[in-house]
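This report concerns only the one structure given below.
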2 protein chains.
Amino acid sequence: MDYLSQNKSYGGQQFVLSHPSEATGTEMTFSVYLPPQAEGLAEDAKLPVLWYLSGLTCTHANVTEKGEYRRACAERGVIFVAPDTSPRGENVPDVDDEYDFGKGAGFYLDATQEPWSQHFRMRSYIEDELPQLVARAFPVDLGRQSIMGHSMGGHGALTIGLRNPGRFRSISAFSPIAAPSSVPWGEKALGRYLGEDRAAWREYDAVALIEDGARADHILVDQGTADQFLDEQLKTGALSMACAKAGMKPTIRMQDGYDHSYYFISTFMAEHVAWHADRLTA
Amino acid sequence: MDYLSQNKSYGGQQFVLSHPSEATGTEMTFSVYLPPQAEGLAEDAKLPVLWYLSGLTCTHANVTEKGEYRRACAERGVIFVAPDTSPRGENVPDVDDEYDFGKGAGFYLDATQEPWSQHFRMRSYIEDELPQLVARAFPVDLGRQSIMGHSMGGHGALTIGLRNPGRFRSISAFSPIAAPSSVPWGEKALGRYLGEDRAAWREYDAVALIEDGARADHILVDQGTADQFLDEQLKTGALSMACAKAGMKPTIRMQDGYDHSYYFISTFMAEHVAWHADRLTA
């Protein structure tokens with residue numbers, strides 16, 4: 001692993017790192033915040049970890065610079081990891097002028113269709129490779145994990161959490177793409193990455209996963225009412241309905257006047273971190 | 001004024017605006033955060049204002065996105081204004097490949113030398129034009145102002161505060177260029193903007209202003225010990241010495257292990273806002 005930068009912040013250390021990924025076949029960049037509790041930790045002691053998955057067009061940098069998570073992580077002793085949203089590099093296929101497909105739009109799935117299937121394997125990267133890598137380099141307790149994300153990353157957090165019961169103590173999302181199979185962003189991405197057989201899409205759709213029997217006990221969602229993507233792309237209502245039918249009791253909060261930006265995310269970030277920390281340190 | 005963006009955050013509103021400036025002869029962009037207390041304010045009621053001046057290469061955007069000031073401003077009911085660091089535009093003279101002079105490096109002075117003197121008038125802009133403009137558009141109480149800044153903006157906050165006794169209740173800085181007349185950044189900028197007569201530089205040098213009799217009762221400075229610019233460019237020690245000789249009692253804190261970045265600034269931003277708020281609401 002290459003350490004690209006290290007900056008002291010809120011008593012802890014903010015790292016940005018890169019490494020060659022087996023899953024994607026590319027160099028991948030991510031950030032890790034170690035809270036002050038990581039310093040002077042006893043030999044075998046480890047800290048809980050919160051994974052943050054970002055939205056369309058983002059890299060690790062957006063939340064790392066604008067997410068305002070470090071204060072809360074420092075208060076509660078939580079390690080915060082923010083991966084990239086897709087493979088990158090000249091040898092990775094892409095499409096011109098489409099912000100919602102290709103680079104920056106990995107949708108946290110393993111593509112099965114050419115030319116995407118070689119590199120677009122963000123599911124394997126996030127579910128398998130990155131946790132092992134991070135746990136080798138940092139004092140991360142893989143027995144105490146939670147996951148969260150924004151927009152496409154909210155989709156990622158919900159679907160990864162629902163598909164891996166028992167792995168995450170809690171799942172939260174800002175403005176998640178809750179039902180990608182039935183919105184333009186999702187139909188485009190799932191159709192091209194996975195092919196036209198919609199049965200293959202269901203494991204990458206939080207609402208479909210719940211309809212198919214997946215369950216999670218601790219889900220928190222914040223959704224701004226002034227979010228320009230709410231009606232057409234996000235489908236918070238469909239998530240509420242699916243959870244209700246399944247007897248699940250998520251906390252889904254409509255936040256008056258907030259939009260889709262990091263001005264919204266940062267407002268409620270500390271609450272999300274504290275909510276996860278309550279479950280990670282229980 | 002043009003409203004370029006408006007985003008709800010921490011219950012208040014983050015604005016980015018632009019306007020044609022008389023002082024600089026250019027279009028100028030700045031940001032204003034209105035805390036939630038601004039909503040439903042009685043007709044004549046106003047809120048205190050905290051001015052934040054940014055460092056070399058920055059625009060309003062750096063602190064607006066990475067400064068983590070909104071939570072504290074929302075808690076205390078403080079309006080936060082972040083101007084740009086220089087005039088911009090195709091008709092503004094600049095130098096290639098110099099990050100520390102020209103655009104992005106206005107040094108909060110009124111230039112007297114050609115070709116800079118026409119547009120590089122950031123002192124007049126910040127001291128005279130912008131406060132009047134902001135007070136016409138927002139419920140800002142010009143009787144309750146404080147000022148702060150980072151690096152070149154720390155120099156700006158200290159010098160503007162020291163030159164205008166009684167205007168600001170408090171002055172704070174992160175990693176200020178405290179004695180520009182005797183460091184490479186300052187010698188280059190003051191020499192080219194103001195000419196080689198060093199007597200003209202003294203009103204743009206916090207240490208020189210104090211030596212010449214300027215005083216301020218409430219000064220707070222945070223300086224990281226791992227700041228790569230500390231020894232050569234910032235001269236925190238010279239500020240301490242000048243204050244001691246003058247009988248001033250600033251709070252100057254060396255912060256162990258912190259560097260020159262927004263990872264440092266954001267760590268202590270809430271403390272600075274609260275410190276100013278204590279004086280603005282006393």
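For clarity, every value in this text was computed on a predicted model and none was experimentally measured. Convention: sequence-line order gives letters A, B, ...; per-chain numbering from 1.
Looking at B:S266 and A:Y10, their side chains come closer than 4.5 Å, going by heavy atoms from C-beta outward. Considering only heavy atoms from C-beta on, B:D256 comes within 4.5 Å of A:K8 through its side chain.
The shortest heavy-atom contact between A:S9 and B:Y263 is OG-O, 2.8 Å.
Taking 4.5 Å as the heavy-atom cut-off, the residues of residues 39-77 of chain A that approach chain B are A:T64, A:E65, A:K66, A:E68, A:R70, A:R71, ordered by number.
With chain A as the partner, the residue from B:Q14, B:Q13, B:Q255 showing the most heavy-atom pairs under 4.5 Å is B:Q14.
For B:D227, the salt bridge (Lys or Arg N to Asp or Glu O under 4.0 Å) criterion is met by no residue, not counting sequence neighbours.
Heavy-atom distances place no part of B:Y262 under 4.5 Å from chain A, backbone and side chain included. Heavy atoms closer than 4.5 Å to chain A are found in both the backbone and the side chain of B:N7.
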